[in-house]
Amino acid sequence: MKHFNLEAALDSDVAPLLKVRDVAKSFGAVAAVRGVSFGLYGGEAHALVGENGAGKSTIVKMLAGVHQPDAGAITIDGADVTLGGPAEAQAAGIAVIYQEPTLFPDLSVAENIFMGRQPRSRFGRIDHAAMKAATKRLFDRLGVRIDPDRPARGLSIADQQLVEIAKALSTDARILVMDEPTAALSGVEVERLFAVARTLCGQGAAVLFISHRFDEVFSLCQRVTVMRDGVWVATEPVADLTVDTLVRYMVGRDVSALYPKEDVEPGDVVLEVDGLSRHGVFERVGFSVRHGEIVALAGLVGAGRSEVVRAVFGIDRYDDGEVRVNGKRLPNGSPRAAMAAGIALVPEDRRQQGLVMELSIERNATLTRLGTLTRLGMLTGHGERNAAGDWAERLRVKYERLSDAVSTLSGGNQQKVVLAKWLATAPTVLIVDEPTRGIDVGTKAEVHRLLSGLAAQGVAVVMVSSELPEVLGMADRVLVMHEGRITAELDRDDATEEAVMFAATGEEAVA
Amino acid sequence: MKTGTTPVAAGQQATPAAEPGAGNGRTRFAQRLWVVREIGIAAALGLLVLVTAIDSPGFLSAPSIRDVLLGASILVILAVGQTVVIVSRNIDLSVGSVLGLVAFATGKLFLAAPGTPIVLAILAGIGLGAVCGAINGVLVAAARVPALVITLGMLYVYRGVDHLWAKGQQINAADMPASFLSMGTSTLLGIPVLALIALAVVLVAGTYLHSYRSGRELYAIGSEPSAARLSGIPVGRRVFGAFVVCGGMAGLAGALYAARYGTIDATVGTGLELEVVAAAVVGGVAIFGGSGSVYGAALGALLLTTIGTSLAVLRIDPFWQQAVVGGLILAAIGLDRLLALRVANRLKGRSSHGA
Ligand SMILES: Nc1ncnc2c1ncn2[C@@H]1O[C@H](COP(=O)(O)OP(=O)(O)OP(=O)(O)O)[C@@H](O)[C@H]1O
Ligand SMILES: [Mg+2]
């Protein structure tokens, strides 16, 4: 594979494939982006980083033709272009993976990928067989197995993200823009995505990559552009950067130690899960959690971790086994009973199961809603409303007014609202599925401190996380799942990256 | 997740992993349900015919079947047009009024120019209907108001125009050429011409919605309008097109109505829109868009028409006919909810990752 030579590109007077020049965009009184410039060279993977609400997605949407810049210009191949809509951006060779999945739930996965570009045979008819075959090829490239014929409804977030990636790849674009494509993915899939992205770069395409995970930025990209509060801060080659300088650029200050788990003497067992099975999804899963303990469920995406915690909380039913809180058995499939017993679940799919997009931030933060499945909408008391506001403050949710619709928040800030809402319910057992997904470095540390603080107060915490450093830094005990079974239980001292990955992939995967 | 230091899969070739048998089976099951949905309506129809035929064997005679087909044809055509609009998460409540207007216009056309070729008269009817549909489409696209409200308004507007134009006048069979009227009742190889036209409409629309990009885009729009916009689908244009098609179908139905019944005044087609929507819903077209087929809608129309005839044959109080239709709609919606839940459950938690 040909490697992108940054110096050569910068020195020569080759025009960048794409240039963003002094663009600005405001939404009413909110100046989301103010005068940002950077260039993307063919063959380059370029990272765009910044805190939640820094304006990254707004840049993406301008490149996608969804928003038009209020000022400044976008240049492709040296010529100014107007991207009046997504179709025009596509025609200009730009493919975009949006931060929020944009799938059609009623249509098949294959159609989702090829919508508007379906392969055609005679008389302009869609060639359904060719479309399915092309989808299979894309999935093979990504090492994914999703049935092309199944409807997109009910796909896990990771699968949704993979379908989005396949969709973007299918366009053969010269400029690939990816807004947090890896947020729901774990190592294996990320590596495959990167392998594909590197191949594309080798073929002369440019990649704009957004992520809150620095290791990904450092492993994929050659240059980084940093934004803060809608303003351009720096564009530099990654080789000249360390994580610390990057963080300082982003946050404007030094960020304290990332994983400050306090040592807590664990109390009595609160939550016991015994032989829990759901046919074809997970099998004989058993563990217990004590007061003051943080237990992490590690593993690859699709290992069944989210499914287990959903079953524990009662959103899904299980076929066998039992769940006990303080020795008392919980009824199968009743989130109401789980809540009454003091369990709270921060779900994986926060946008769908945690937020009502049209409602205000305030209403959302006070609306303890058990997801679309149970539809148990209930407004909580005044005290709790204040509590949610306090949590939102501590999590640094960036908003204009509390009465604004949640849909106007940036992706990461939406996540924070959901987190705030559940933290405010003061649970005795807190289950969090991917607590820091999509959340920036500054706030990540804050989330970890909060979890640690809750544990110190005696809350039993179960944390599903695909981020190894988070697992290793936060957990008193690590349970590793592989294909629906717990394959290892590691104490804090035994939990190393190698040990966790070994158990997470099953023996044969380790070379 | 940190991957830089893990040995996993970094250099591993992406390989197609074997499909887990169970997962595959689940998906097939999910697909089959949609086929079953149409088979379900067909089965209900068959049962109804059987029960009626046992009571009065004459129900299965050729003339009686012909009557039912004839009666259903116009509703089928309307239901097809309505389906095209409904899958895009819209609705057209003005079709009854458009049918009435076009039927009257067709009569007027023959009064003014008795020599007009039949084909031309029908095309003119489709054209007028399409114009009405285009007006609906423009209004829906321009005003940020749900189609339900817009077309409810247009229902009265078109009806009003019809009344203004007719001024109480009634057009009779004598005012129209015999060849045109005979088309309304004649048969080809024993099948009513009207039914053949309806069948052709169903097949063309069915193929369009299933196998053409713009047809699929209508489903995409109905399934998730915001995602459709982000994918670069010309949402406004497609929805406009759907309303034009629906109007055109209402126009065709209006011209055929004139041929079939011969007597037209300004009240023709009043209240028909609800029957059309009912046919589509009973036929499994999701009222919030994104799924359903014209085949289902056509079967739904046929079922509703057959119920009317059957209950009459069985000498059951007409009141019950209304109640049965109402029950069917509720059953259809209930069934859809149930199936959706079952599918969701079956598809949930499938492992889909090679690792
Ligand atoms: N449609 C909108 N209406 C009003 N404000 C908006 C809208 N879209 C974005 N904003 C605001 O613009 C700012 C930048 O948002 P943006 O989504 O670009 O952030 P981001 O950098 O992508 O953050 P994250 O990492 O959380 O995804 C935020 O303050 C957000 O509230
Ligand atoms: Mg964003």
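Convention: sequence-line order gives letters A, B, ...; per-chain numbering from 1.
- Using a 4.5 Å cut-off between heavy atoms, A/Tyr98 touches chain B through its side chain atoms alone.
- Contacts of B/Arg238 classified as side-chain contact (heavy atoms from CB on, under 4.5 Å), with partners at least two apart in sequence or in another chain: B/Ser214, B/Glu217, B/Leu218, B/Ile221, B/Ile233, B/Pro234.
- Of the residues considered (A/Ser306, A/Gly85, A/Gly124), A/Gly124 shows the highest number of contacts with chain B, using heavy-atom pairs under 4.5 Å.
- For A/Thr102 and A/Glu164, the side-chain atoms include at least one donor-acceptor pair closer than 3.5 Å.
- For residues 204-212 of chain B, a heavy-atom distance under 4.5 Å to chain A picks out B/Thr207, B/His210, B/Ser211, B/Tyr212, given by residue number.
- Proximity of a side-chain donor or acceptor of A/Glu483 to a complementary backbone N or O of A/Ala303 within less than 3.5 Å is not detected.
- Side-chain contact between A/Val109 and A/Leu155 is present, with heavy atoms from C-beta onward closer than 4.5 Å.
- Contacts with chain B were tallied for A/Gln90, A/Lys167, A/Lys61, A/Arg317; A/Gln90 has the most, counting heavy-atom pairs under 4.5 Å.
- Residues A/Glu189 and A/Arg192 are not paired through a salt bridge, judged by the lack of any N-O separation under 4.0 Å between the basic side chain and the carboxylate.
- Remark: A/Asp179 engages A/Ser57 in a side-chain hydrogen bond (donor to acceptor under 3.5 Å, both in side chains) (not counting sequence neighbours).
- Side chain to side chain, A/Ser277 and A/Glu283 fail the donor-acceptor criterion of an N or O pair below 3.5 Å.
- With a 6.0 Å cutoff to the six-membered ring centre and a 45° limit on the axis angle, A/Arg125 does not count as a cation-pi contact of A/Phe123.
- For a residue to count as touching a neighbouring chain, one of its non-hydrogen atoms must lie under 4.5 Å from one of that chain's; by this rule A/Glu111 touches chain B with the side chain only.
- For the residue pair A/Ser466 / A/Arg305, a side-chain donor-acceptor distance below 3.5 Å is found, with atom types taken as modelled.
- Considering only heavy-atom pairs separated by less than 4.5 Å from chain A, the leading option among B/Ala227, B/Ser223, B/Gly232, B/Gly289 is B/Ser223.
- Of all residues in residues 126-133 of chain A, those placing a non-hydrogen atom less than 4.5 angstrom from a non-hydrogen atom of chain B are A/Ile126, A/His128.
- Panel note: side chain A/Arg437, backbone A/Ala183; a donor-acceptor pair is recorded below 3.5 Å.
- A salt bridge links A/Asp316 with A/Arg310: the closest approach of a Lys/Arg side-chain nitrogen to an acidic carboxylate oxygen falls below 4.0 angstrom.
- At a cut-off of 3.5 Å, with distance as the only test, no side-chain donor of A/Ser108 or A/Arg150 sits close to an acceptor on the other residue.
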